[in-house]
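The block underneath contains the structure these notes are about, expressed in C-alpha cells.
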Amino acid sequence: MAGVLDRDEARRIAVRAQRLDAEWPAGLVPLVEHLTFLQLDPTAAVAPSADLIAFTRLGASYDPEQLLQAVERDRALYELKAQDDPVQPPFAMVRPVADLGLNLARMAAGPIHRGWRDWLAANPRFRRDVLDRLREAGPLLSKDIPDTAEVPWQSSGWTHEKNVTHMLELLQGLGEVAVAGRIGRQRTWDLAERVYPADIEVVPEPEATRLRDERRLRALGIARPQLVGEAGVPVRVDGSDREWRVDPAAVGRPFAGRTALLSPFDRLIHDRVRSQELFGFEYLLEMYKPAAKRRWGYFALPILHEDRLVGKLDATADRKAGLLRVAAVHEDEPFSPGTRDAVDAAIDELAAWLGLTVARS
C-alpha cells in the first residue's frame, strides 16, 4: 500500500499509535508492551517522565507504585540502558520482559563502540571481580562493589573514572548483569540469571531486528525509515517531501481524540522532524538554557488537543507548598473557548493526580 496520506490522517495515526486517543489502554504492562519502552529520567519538575507518560495514557488510575511492582516484584518489565541500540539514544528505560528475547542476541554480541570494547578487553580481572562479588552477595548498590579496575575509564563526561558504574552498565548491555531494583534513585545490581526469567527464547538477530522494527512502527504509527527500517509500507504525506513508513493496520481507522499534557520526552514528539512536518509543532527542551533565554519554560509540557499539538504548559510541582504552579500556557495559535476549557481541565486533572492544587499566575 504505497500511496499518499493527508496530514490529518497522518497525525491521527501517530496519536492513536501512541495510545493518546480517546480509547484508554487497559493497564501499565500492556501499555509498555505496546509502546516498547518507557524512558526513565530523574527530572521531576512536574513528575518523573515515565510516570507522566503512563499517566497521560492511563489517567488517574495510574499509581507510580504500579511501575515498581511491575519491575521489582512481578518482573514483567525490566530496566535497561540503551547503549547498543542504533535507533534509541543511550538513556535508561524500562522494557517489557515479553520482548527481552528480541534483544539478547544483540546484547551478547558486545558493545558497538570500539572504546567500550577496548576497555572491557583491558579489564578482564575487574570484570570477573564484579561478577564474583554479585554472585556472592547480590543484589548490591554500585558503591558496595570494590573498584579493582586495571585500566580506569577515561571520559570527558560524568562517567570519568566511575569504573564500577561503567562496568556494570557494560555488563548489563551484554546481558550478564541486570538492575534488580532501586533504593531511592540508586540502582541495585545482580546477575542477570537471577533477575530475568530462565525460559526466555533468544530470537536470532536478523529476525529480531525485523520484529523490533515492526514493534517500533506499531508504536509510532508513521515514522521515517531511519527509525523503523523496512517495517510497514512506504507512503507520502501531503506537504512533506520525505518518504515515510506507515503501519498499514493503522490506516483508515476511526479516530476520537482528547486533551493531554505530554512529557518533554514523550515519543509522540521525540522526532522533531516528524513533529514539525506532521504537526507543524516546534519544541525544544529548555532546562539547560539560562532562564532569560527560555521561550516556553524549564520543563514545558507539550499540549495535545485532539489530533494537534497546540501549545506548551510552563508548570512546576511545588510539593512543599502543595501547589502545581502554572506560570504560563503558551498557545501556538489562539485557543478557541472549547480548546481552552479542555486544556484547563487537563491541568486540573494533572494537579489532582499529583495531589496538588493549581495555582495560576
Side-chain angles (χ1 to χ4, degrees), residues 36-37 39-40 71-72 75 77-155 157-182 186-209 211-212 215-216:
T36 74
F37 71 90
Q39 180 174 343
L40 298 175
V71 173
E72 299 185 15
R75 300 297 189 197
L77 305 175
Y78 70 99
E79 184 174 333
L80 182 70
K81 189 170 183 180
Q83 295 179 334
D84 286 341
D85 190 329
V87 176
Q88 310 292 0
F91 49 65
M93 62 180 71
V94 289
R95 286 188 177 275
V97 168
D99 285 355
L100 178 57
L102 300 180
N103 294 300
L104 289 175
R106 178 180 62 184
M107 292 162 67
I112 58 176
H113 296 298
R114 180 175 178 179
W116 294 347
R117 295 198 305 270
D118 291 347
W119 190 73
L120 279 172
N123 283 283
R125 187 190 67 209
F126 181 32
R127 179 176 180 172
R128 289 193 302 270
D129 288 347
V130 170
L131 292 172
D132 289 345
R133 176 66 175 155
L134 290 176
R135 187 172 293 107
E136 293 167 3
L140 295 171
L141 296 167
S142 61
K143 67 182 182 66
D144 296 324
I145 300 173
D147 182 351
T148 61
E150 296 103 311
V151 178
W153 173 247
Q154 303 295 314
S155 169
W158 74 271
T159 61
H160 181 67
E161 293 195 350
K162 293 186 180 294
N163 301 318
V164 173
T165 296
H166 193 56
M167 178 60 75
L168 287 166
E169 290 182 346
L170 290 180
L171 294 180
Q172 179 192 39
L174 288 165
E176 296 182 14
V177 308
V179 176
R182 283 180 177 259
Q186 297 185 70
R187 296 168 290 184
T188 60
W189 299 87
D190 206 344
L191 298 179
E193 64 200 49
R194 298 205 289 239
V195 176
Y196 300 151
D199 58 350
I200 296 292
E201 179 182 351
V202 179
V203 180
E205 183 54 24
E207 175 70 0
T209 297
L211 291 172
R212 286 195 303 267
R215 280 164 167 73
R216 191 176 297 117

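Note: hydrogens, waters and symmetry copies are ignored here, and every other heavy atom, side chains too, is used. This is a predicted model, so every value here is computed, not measured.
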(Q) Using a 3.5 Å distance criterion without hydrogens, assess whether the side chain of Gln172 forms a donor-acceptor pair with backbone atoms of Glu79. (A) yes
Q. Salt bridge check: are Arg135 and Glu193 linked by an N-O gap of less than 4.0 Å?
A. no
Q. Do side-chain atoms of Trp119 reach the backbone of Val151 as a donor and acceptor pair under 3.5 angstrom?
A. yes
Q | Residue pair Asp190 / Ala180: nearest heavy atoms and the distance that separates them | A | CB-CB, 4.2 Å
Q. Hey, is the main chain of Leu102 close enough, under 3.5 Å, to the side chain of Arg212 for a donor-acceptor pair?
A. yes
Q) How far does CZ of Phe37 sit from CZ of Arg216, to the nearest 0.5 angstrom? A) 8.5 Å
Q.
Please give me the minimum heavy-atom distance between Arg75 and Val179, naming the atom from each residue.
A. NH1-O, 4.3 Å
Q: Show your working on side chain to side chain contact (heavy atoms under 4.5 Å, CB included) between Asn163 and Asn123 and close with a plain yes or no.
A: CA-CA 10 Å; Asn163 301 318; Asn123 283 283; over 6 Å; no
Q.
Would you compute the distance between atom NZ of Lys143 and atom OG1 of Thr165 and round it to the nearest 0.5 angstrom?
A. 12.0 Å
**Q.** Main-chain N/O of Ala149 paired to Arg125 side chain as donor or acceptor, under 3.5 Å
**A.** no
Q. What's the spacing between Leu104 CG and Glu205 CD if we round to 0.5 Å?
A. 10.5 Å
Q.
To the closest 0.5 Å, what do you measure between CD1 (Ile200) and OH (Tyr78)?
A. 9.0 Å
(Q) Using the rule given for side chain to side chain contact (heavy atoms under 4.5 Å, CB included), can you reason through Leu131 versus Leu191, listing the C-alpha separation, both sets of side-chain angles and the distance that settles it, and then say yes or no? (A) CA-CA 7 Å; Leu131 292 172; Leu191 298 179; 4.0 Å; yes
Q) Mind checking whether Leu140 and Leu134 have side chains closer than 4.5 Å, heavy atoms only? A) yes
Q) Would you call Pro146 and Arg133 a side-chain contact if the rule is heavy atoms closer than 4.5 Å? A) yes
Q. Roughly how far apart are Leu100 CG and Glu201 CD, rounded to 0.5 Å?
A. 12.0 Å
Q: Check for a donor-acceptor pair, side chain of Glu150 on one end and backbone N or O of Phe126 on the other, with a separation under 3.5 Å.
A: yes
Q) To the nearest 0.5 Å, how far apart are CH2 in Trp116 and CE in Met167? A) 13.5 Å
Q | Contact summary for Gly175 and Ala192, nearest pair of heavy atoms | A | O-CB, 3.2 Å
Q. So, do Arg182 and Glu72 sit near enough that their side-chain heavy atoms are less than 4.5 Å apart?
A. yes
Q: Heavy atoms only: give me the nearest Gly115-Trp153 pair and the separation to one decimal.
A: O-CZ3, 3.9 Å
Q: Walk me through it: do Arg127 and Leu174 pass the test side chain to side chain contact (heavy atoms under 4.5 Å, CB included)?
A: CA-CA 12 Å; Arg127 179 176 180 172; Leu174 288 165; 3.5 Å; yes
Q: With salt bridge (Lys or Arg N to Asp or Glu O under 4.0 Å) as the test, would you mind laying out the steps for Glu169 and Arg187 before giving the verdict?
A: CA-CA 11 Å; Glu169 290 182 346; Arg187 296 168 290 184; 2.9 Å; yes
Q.
Tell me the closest heavy-atom pair linking Ser142 and Val164, and the distance in Å.
A. O-CG1, 3.5 Å
